[in-house]
Amino acid sequence: MSGVTLENVIKTYGDVQVIHGIDLQVENGEFCVFVGPSGCGKSTLMRMVAGLEETTSGQITIGGRDVTRLDPSQRGVAMVFQTYALYPHMTVAENMGFGLRMNGVPKDQITTKVAEAARILKLDPLLDRKPKALSGGQRQRVAIGRTIVRGPEVFLFDEPLSNLDAELRVDMRVEIAALHKQLGATMIYVTHDQVEAMTLADKIVVLRDGRVEQVGAPLDLYRDPDNRFVAGFIGSPAMNFLGGQVAAGALSIPALPGAPALPVGLPPDDTRIEFGIRPEHVRIDPDGHGFRLDLIEKLGGISYAYLYATTGERLIVAEDGETTLSGDTDVGIRFDPARAFLFDAKTGKRLR
Amino acid sequence: MPEHQGSRRALSQRQAALILLLPFMAVYGLFLVYPFFKGVWISLHDWNLMAVAFNPDAKTYVGLRNYERVMWGRDITWGALANPGFQIVGFLGMVASYLLYRSGRAGRVTALAMGIAALLLFVLPGFHPDAGGRWFDRRFWPTVGNTILFVGLAVPGVTVTAMLLAAALDGETRAKAVLRTLFFLSQVLSVTVVTLIWQIMFSPRQGLIANLTELFGGSPVVWLTAEGFAMAAIVIATIWWSLGIAMILFLAGLQDISKDLYEAGALDNATGAKAFWHITLPNLKRTITVVVVLQIILHFQVFGQSHLMTNGGPNDTTQVLVRYIYQTAFRDSELGRASAMAVFLFVIMGAFSILQFVLGRETEE
């Protein structure tokens, strides 16, 4: 088992550069999640680690070994594909043992390793079936089993749960987390779902347009985002943003009359800013004014209230599940200024 | 569904189906079903083409005697080792198909088809005329043998060549697209053009192949009139001619294989020839079955190549069934006997059609 290091890694397709010099260190045994909106390059980056995409320039090392120009099978990685990519003509056992077979491992050793992996994933009763006869979740398990049998230095998961239904996705998420605990292996996991990222990761890498926006532990990204993109991407429902600017050395936010005093250094006058606050850090003040409560989504344990400021900007507030508020009323809001963030509207940078 | 106004005019589903099917059924019946049964009927008569054309009553019902005249002989006996080469292979084939089925390596239908083929190979060559006996028609069975030999050479030839070509030309580069078109182009030529091209190719004086053999110091082969080479020559021309459709079918089959499988294969150390053997071939199984059966049905009807390139010669080595039927009917005017042979050919092709149908259903399970 060993870590993965990327140094100034670049990928271009013809004239188009899609990965712009990424530096990244994934520690030994770490669960690292690449997250970002579609087209951000997260899958491409993982496929470069796997060797399925050529690295245009830069260096990739796995366990201190430079693998940048090696074949995929030489890199000591195993991958779970979004489509599972099980060989349809082979049984579950043959699928799981295929990699070892191709590497000339003796038959009895393969059988032992397949049985071991099948035991971990509770696949024993399915070993003689073909993939066609399995459910989505079972196929996913076989795909994971195939990687375990290979005994790689690094496990790669390319959006492994996006073909499963919602309920199964939660189950498999828990299983993958348990598997990581059990194997203690280095894992890289690609997803566009920030909930998966938050729940699974030791380290999250937020990507946008082929660049790293921020790297950190899930809660660090939640508490202390570096920029507006990360702030908006991590957390569900997303952070609320209200536009404003600096005037005469003070904040002016049209949606929030009586400008709040935030513990941040303000930029010069006339800088346009964005004020950010998470739904869970706002409370509704039923006696206040300034917002129209449009509707309430009651999810049971929690309710989301949709508020509209006089400026037309929308604000989501997480309220108690048993809230007695009702739609179409005039309300105000309360929040702790220490929980609010301020971003430069132009650069998206956090103002601290 | 909206309710129909004036439902008195509306057709029931059954009526509509009947009306829409009618044109097809009429044409199908007139040009396929009726001629087929007419053919079977003719095969039961002593029917001289010329005589019946001038006098419709100049035919006599003879029952199955035409079949006997074509396929049987005087003092025919059967021996388990009359033709040891084929019969031993057939016997081993029966044993093999049983063992494959028992060990679960072959499906029920596949094993059954293999077993029947092996059984026929064991039984049919065992028939032979006793001392003093003889076949009524000495040319029929050798002609059937030639046809089977032709099919046995052309079908694997076309299948393997087309599959390798498809594997090589599967991709999105412009060169591959151009080559795909080029290789398909031969398919659109008519048999007369194809045979003309290959007659020139095989010509011992100015032909390309003769030129090549001379270039390497060999003496040119007289392909079309040398007994060992004539069949090879028409098989080569046929492979070149009918490559296109098989290649297109294989290309379609290749596109159906998910690219992810090859990526998974790359991670599992299966690339290049290993990937072809372990990933491409097993996933092409269905396409291979379709191509093989379609080609068998197609090539049993070979006529033009033999008729135009070699005239069935030399010494009848390229005489094939359809050409023999044609000659019996239109040169010898023996329409009844020709029809009996045609019915025999129909039975063979019908068997392969059923096989294709059954295999198609089996793989869908």
Side-chain angles (χ1 to χ4, degrees), chain A residues 43 46-54 67 70-91 94-105 110 128 130-133 139 142-144 146-147 149-160 163, chain B residues 100-111 163 166-167 170-175 250 252-292 359-365:
Chain A
S43 277
M46 167 182 278
R47 291 165 57 81
M48 286 161 74
V49 174
L52 297 173
E53 298 281 354
E54 203 188 323
V67 299
L70 289 186
D71 279 344
S73 60
Q74 309 295 319
R75 297 187 173 206
V77 300
M79 184 159 163
V80 176
F81 292 81
Q82 181 178 356
T83 55
Y84 320 132
L86 298 178
Y87 308 115
H89 54 284
M90 297 184 198
T91 64
E94 286 166 344
N95 259 291
M96 286 166 58
F98 184 68
L100 296 183
R101 205 175 122 212
M102 286 297 102
N103 286 307
V105 176
I110 297 179
D128 292 328
K130 294 259 174 83
K132 220 186 327 178
R139 285 179 205 183
V142 176
I144 293 172
R146 191 164 63 176
T147 61
V149 170
R150 287 273 313 281
E153 295 182 57
V154 180
F155 287 82
L156 305 175
F157 294 87
D158 187 5
E159 307 213 19
N163 282 9
Chain B
L100 283 176
Y101 175 60
R102 277 294 298 274
S103 65
R105 279 165 185 274
R108 197 161 50 95
V109 178
T110 318
M163 183 157 50
D170 183 30
E172 279 166 21
T173 64
R174 188 166 300 176
F250 279 125
L254 286 174
Q255 317 254 298
D256 261 0
I257 304 176
S258 157
K259 296 285 166 283
D260 284 355
L261 289 186
Y262 291 103
E263 298 194 333
L267 284 160
D268 280 342
N269 198 18
T271 50
K274 270 186 184 171
F276 184 78
W277 183 256
H278 290 290
I279 300 173
T280 311
L281 263 190
N283 284 296
L284 276 183
K285 220 166 119 189
R286 268 190 87 150
T287 317
I288 295 172
T289 312
V290 169
V291 168
V292 166
L359 286 177
R361 286 172 64 113
E362 190 183 51
T363 42
E364 269 166 32
E365 275 168 19

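Every chain is numbered from 1 and lettered A, B, ... according to where its sequence line falls, protein lines coming before strand lines.
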Determine, step by step, whether A/Leu86 and A/Arg146 satisfy the side chain to side chain contact (heavy atoms under 4.5 Å, CB included) criterion, reporting the C-alpha distance in whole Å, the side-chain angles of both residues, the deciding distance to 0.1 Å, and the verdict. CA-CA 9 Å; A/Leu86 298 178; A/Arg146 191 164 63 176; 4.2 Å; yes
Pair count under 4.5 Å, heavy atoms only, with chain A: among B/Thr271, B/Leu267, B/Asp260, B/Ile257, highest is B/Leu267
For A/Arg47, enumerate each residue passing the side-chain contact (heavy atoms from CB on, under 4.5 Å) test, keeping only those at least two apart in sequence or located in another chain. A/Leu52, A/Glu53, A/Met79, B/Glu263
Find the one option among B/Lys274, B/His278, B/Lys285 whose heavy-atom pairs under 4.5 Å with chain A are most numerous. B/His278
Are any of the side-chain nitrogens in B/Asp268 or A/Arg101 under 4.0 Å away from the carboxylate oxygens of its partner? no
Which atoms of A/Arg75 approach chain B - backbone, side chain, both or neither, heavy atom under 4.5 Å: neither
ring-ring contact (aromatic ring centres under 6.0 Å, His included) involving A/Tyr87 - partner list, sequence neighbours excluded: A/Phe98
